[in-house]
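Below: one structure, written as structure tokens.
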There are 2 protein chains.
Amino acid sequence: MNSPEDLYQRPIVSVDLAIFALVPAGLEVLLACRGTDPFAGDWALPGGWIHVDKDRDLEAAARRVLADKAGITAPYLEQVGVFGDALRDPRGWSLSVTYMALISPDAFTLRHGGNVTDVAWRPISGDAVMEPLAFDHATILRAATARLRSKVEYSTLPVHLLPEAFTLGELQAVYERLLGRSLDKSAFRKRMAEADFIEPIEGEMRRASNRPAQLYRLKQARSTVFFDRTI
Amino acid sequence: MNSPEDLYQRPIVSVDLAIFALVPAGLEVLLACRGTDPFAGDWALPGGWIHVDKDRDLEAAARRVLADKAGITAPYLEQVGVFGDALRDPRGWSLSVTYMALISPDAFTLRHGGNVTDVAWRPISGDAVMEPLAFDHATILRAATARLRSKVEYSTLPVHLLPEAFTLGELQAVYERLLGRSLDKSAFRKRMAEADFIEPIEGEMRRASNRPAQLYRLKQARSTVFFDRTI
DNA sequence: ACCACTTAGTGTCAAATGTCAACTAAGTTA
DNA sequence: TAACTTAGTTGACATTTGACACTAAGTGGT
């Protein structure tokens, strides 16, 4: 009979991350160059094994990988899904529990100039990167970008790609770049007001050579709010 | 170091199913009574281990469990997510890869009168069943019902709870019962026409004592279509 | 034959929404 | 202080949406 006590029956389980950041050039994803054998030398999504002695749950494992491999504490983490079959890893039947993380350009630049040689940001064109990826990570990345893009339409998720304080103009620009089309300013502001997930920060403003803009921040305990309608 | 070769480091992995059917009384889920030790005698979502020698991938494993435990081939199967932590299973760090399946009342009645003693349909009130569930299956069931209910709002998913041929009135009734509110007939029909995922079946009609209704069926390769807006 | 009844399916119109464009506001630079 | 740039608001108009009434097509009773 099959039981969990037949250890060799258990599939291999990894936790992999699609870490997204938005830079002036577009959307980028963090990739790691594999140093060990299956697909050694190829680029892959950063990932790791579950530490059954250290990780309380799956999200904790994902956050640990995020910190270990990328030195990042992401404001936003969401499970994308599980990908598992007999052939994706030559070592045997394996699962990838995949999360996507959104980080702001602040955190981004911290690592961008760093001395990490095995981790690098790569631009996403369409729903893929230029370089071939290890395992079935191209498929997984496609699923993650699809999830991100589809949620942009009807949620407040893109706010996590901005620094803690931001203007409404910047927020609109993020939506526009993710959606690939321009939005109406007045309609956009009306929606954001109705959604009621950001609040003005008093006293502050910024920028140069023109009228300063009101700064906003995400309201506490409002990390993702869904719109009634498409923006 | 941790590697997949340290077999005892691997978490236990099961594939569990939330199988839904809609009966006149409301939404029901198929539960299995556990015969073996962890939580023996308790009700649980039907599930099984991955057979690394037989299952091609996760969905194949889910379909096998569906056939083995419930004798059902579901028209619709969707991954809900992975639930994993150190404590949910007393045997150790474990994962549940959860799928939800939607079946039509036809398939339902086939099993309802059957001689299965360890599998039973239970009504869902709110997002839970009356009886306490093994492991964290109450949490998992809550996630599955939430997924089902949220998708009703903006997708064609509820067709899978109907038999192959159905009328627009029946389809509207399914939406109304899942949403818990009544819908406008003309608006509903306009939406369904725009979504363009069902087609009339020629010549046929049915019912008694009033005007017969046109029968429809799901268009091929259109199992789930998303609406632009909430219905 | 005809009327009452039931459900199927369509049409209408006011209200809400999205689009487009102009307008005012508040800063910087020359 | 005038020109310029971006922030933020306001209003007119076309389009879409939702509530409701209407017509259509059957059955069954008298």
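All chains are named by letter (A, B, ...) in the order of the sequence lines, taking the proteins before the strands, and each is independently numbered beginning at 1. These values consider heavy atoms only, across backbone and side chains, with no hydrogens, waters or symmetry-generated copies.
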**Request:** Mark yes or no for a side-chain to base donor-acceptor pair under 3.5 Å between Arg211(A) and dA7(D), with no hydrogen or angle criteria applied.
**Result:**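 Yes, the side chain and the base share a sub-3.5 Å donor-acceptor pair.
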**Residue closer to the 5' end of DNA chain C, Lys185(B) versus Lys190(A) (nearest nucleotide)** =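 Nearest-nucleotide comparison on DNA chain C picks Lys185(B).
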Distance in angstrom units between [X] [atom1] and [N] [atom2], rounded:
{"X": "Glu170(B)", "N": "dG9(C)", "atom1": "CD", "atom2": "P", "value": "11 Å"}
{"X": "Leu183(B)", "N": "dC20(D)", "atom1": "CG", "atom2": "P", "value": "14 Å"}
{"X": "Gln172(A)", "N": "dG8(D)", "atom1": "CD", "atom2": "C1'", "value": "11 Å"}
{"X": "Phe188(B)", "N": "dT16(D)", "atom1": "CZ", "atom2": "P", "value": "21 Å"}

**Asked** Would you say Arg191(A) reaches dG18(C)'s phosphate, i.e. side-chain N/O to OP1/OP2 under 4.0 Å?
**Response**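 True: Arg191(A) side-chain N/O within range (under 4.0 Å) of dG18(C) OP1/OP2.
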Side chain of [X] only, heavy atoms from C-beta on: which candidate in [options] is closest?
{"X": "Ser209(B)", "options": "dT27(D), dT17(C), dG9(C)", "value": "dT27(D)"}
{"X": "Asp184(B)", "options": "dA8(C), dA7(D), dA19(D)", "value": "dA19(D)"}
{"X": "Gln214(A)", "options": "dG18(D), dT19(C), dG8(D)", "value": "dG8(D)"}
{"X": "Ser186(A)", "options": "dG9(C), dC20(C), dT5(D)", "value": "dC20(C)"}
{"X": "Asn210(B)", "options": "dG27(C), dT17(C), dG26(D)", "value": "dG26(D)"}
{"X": "Arg189(A)", "options": "dA8(C), dA25(C), dT9(D)", "value": "dT9(D)"}

Is there a side-chain contact between [X] and [Y] (heavy atoms, below 4.5 Å)?
{"X": "Gln79(A)", "Y": "Leu58(A)", "answer": "yes"}
{"X": "Val15(A)", "Y": "Arg64(A)", "answer": "no"}
{"X": "Met192(B)", "Y": "Leu171(B)", "answer": "yes"}

**Request:** Please work out which of the three classes, parallel, tilted or perpendicular, describes the rings of Tyr154(A) and Tyr154(B), given edges at 30° and 60°.
**Result:**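 Tyr154(B) and Tyr154(A): tilted rings.
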**Prompt:** Is Lys151(B) reaching over with its side chain to a backbone N or O of Leu157(B), donor-acceptor style, under 3.5 angstrom?
**Reply:**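 The answer is no, because no donor-acceptor pair under 3.5 Å joins these two groups.
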**Message:** Over all strands shown, is Ala187(B) touching base, sugar-phosphate only, or nothing at heavy-atom distances under 4.0 angstrom?
**Reply:**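 Nothing, no heavy atom under 4.0 Å.
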